[in-house]
Amino acid sequence: MTAPPLGKDLVGLEDLSADQIRLILDTAEPFKEVSERPIKKVPALRGKTIVNLFFEASTRTRISFEFAEKRLSADTVNVAASGSSVQKGETLVDTARNLEAMRIDMVVIRHPSSGAAEFLGNRIRSNVINAGDGKHEHPTQGLLDLLTIRDKHGKIDGIKVCLVGDVLHSRVARSNIWGLLKLGAEVGVCGPDTLLPRGIEELGVCRFRRIEEAIEWADVLNVLRLQLERMEMGFIPSVREYYRVFGVTAERLEKAARPMTIMHPGPMNRGVEIDSRVADGPHSVILDQVTNGVAVRMAVLYLLAGGRPELADAAKGPGGPE
Amino acid sequence: MTLLGRRLASKPEMSRPDRTIILDARALARALQRMAGEVLELAHGTDDLLLIGIQRRGVELADRIAKLIEKDKGTRIPRGALDITLYRDDLETVGPKPVIGETRIPGELAGKHVVIVDDVLYTGRTVRAALDELADFGRPKRISLCVLVDRGGRELPIQPDIVGERVKVNSGERVDVLVEELDGRDEVNLVRQGAPA
């Protein structure tokens, strides 16, 4: 049995079909088990060289990708913008072409500019995986959120998911919206007007002005990080007021008709967008998201790697296993 | 080789139908019964026995054989499933990536007599991958190979310990194993390449 191909790069969930997204989620399932083995390693990407090119700070995503790569037996190199030639003024394409000259196979890129991953993917032969580009997309985060919702609720179709908080600056929100809508979920957004993009309803999502309404409606709350580094620009009056009006607190959730699944892409600002009692509570799947992140990234790496169709014919015949 | 198998092999190409039944449901049941007996003999009882089926049809066959042994001996036979996709030696070159099935290894492998169960033994490359994968789970005291159909054509020095049926297969033919659980009926067919699956 073979699966429909995914293409060379993973730039965003906007570009994928529902079937392609389902393929990645289904492929992630068996990879969960690999991380539970006594030897957490399979030889699928043996001999492949992967560069993790991070132009922005990241702990979770970078480590998660690195674990995924190592558990597939790939060789990995991490390049951070600080301490590299980028600081000397080298362009993105020059950096990548130099890496390609050292015969790499895949690039995982995080970059502050929206569109950086696609730009790079169109200019180099290696597979490019977007690990977050500006305010555009963070597809593997979207995928691991989808997987976590599917694990918890048994399906995605018909589930009501509300993204809470700073949707404006959030690439996680965009990847969630595309992925959820394609798989048939209902999507809501809730936050201060200054942090919800104008016209977001046109994507097919509903807008809640009060967190209480969102809690009343949703099955899942995906609480986004308030990007404090951007808050000096006056999007909210104060962090304290934000928590008072939009904070996901235990008191607010107690009023909900049913238990609600709580997600957060991390890193969390406890006491800003989420109450510690909620983050650590029985309905929080925040750490499941992290576990699923490795499996989803293994699936993406596996599906994108190699895949040179021109060699497929040569591999057929008695050479292939029955 | 059965009488039927020999007849097939000698028949001229043109007069052969697209699909010939090698084992029907009753013959398949008999073959499995005999294989279950041979597994018991090989393992000297059921003490450390562990049956591991290779995805997908090997898993069903391992389950059947285990049930037959359980019926005979009254003790529960542990069984597992192994998907060898990530250990394939041609993963680099296959076009669209194969879908990966479940791998489930019950408990420790150390001290166990593992019997690998698969539907068809052909090149031996699947078994090579299975041996490598099992080695990453632990060190069984012994690994044996049990297949429903040995169709010849080995590309590696791998031989089965227990065989349900040996079949001579000409070029342009393949062996299809159908099992009730997945395909709605038990049957082993010899199929001319290009014929509908």
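Values below: all heavy atoms of this structure, side chains included; hydrogens, waters and symmetry mates excluded. In what follows, every chain begins at residue 1, and chains take the letters A, B, ... in the order their sequences are listed.
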(request) Mind running side chain to side chain contact (heavy atoms under 4.5 Å, CB included) on B:L86 and A:Y302 for me, showing each step along the way? (result) CA-CA 9 Å; B:L86 299 170; A:Y302 164 73; 3.8 Å; yes
(request) Evaluate side chain to side chain contact (heavy atoms under 4.5 Å, CB included) for B:I100 paired with A:T27, printing each intermediate quantity in order. (result) CA-CA 6 Å; B:I100 307 164; A:T27 306; 4.1 Å; yes
(request) Please test B:E102 against A:K32 for salt bridge (Lys or Arg N to Asp or Glu O under 4.0 Å), starting from the C-alpha separation and ending with a verdict. (result) CA-CA 10 Å; B:E102 182 196 23; A:K32 289 180 187 171; over 6 Å; no
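Around atom NZ of B:K141, more than 12 heavy atoms belonging to other residues, nucleotides or ligands sit under 6.0 Å away. Residue B:R76 qualifies as enclosed at atom CZ: its count of foreign heavy atoms under 6.0 Å is above 12. The number of heavy-atom neighbours closer than 6.0 Å to CD of B:E181, taken from other residues, nucleotides and ligands shown, is above 12. For B:R139, the CZ atom sits in a loose shell: 12 or fewer heavy atoms of surrounding residues, nucleotides or ligands are nearer than 6.0 Å.
Note: A:E33 CD to B:D83 CG = 9.5 Å, rounded to the nearest 0.5 Å.
Residue contact with chain B, scored on non-hydrogen atoms closer than 4.5 Å, involves the side chain of A:F31 exclusively.
Residues B:D136 and A:K41 share a closest heavy-atom pair of OD2-O, 4.0 Å.
Side chains of A:R46 and B:E92 form no contact here, defined as non-hydrogen atoms less than 4.5 Å apart.
The residue among A:P30, A:P43, A:A299, A:P38 with the most heavy atom pairs within less than 4.5 Å of chain B is A:P43.
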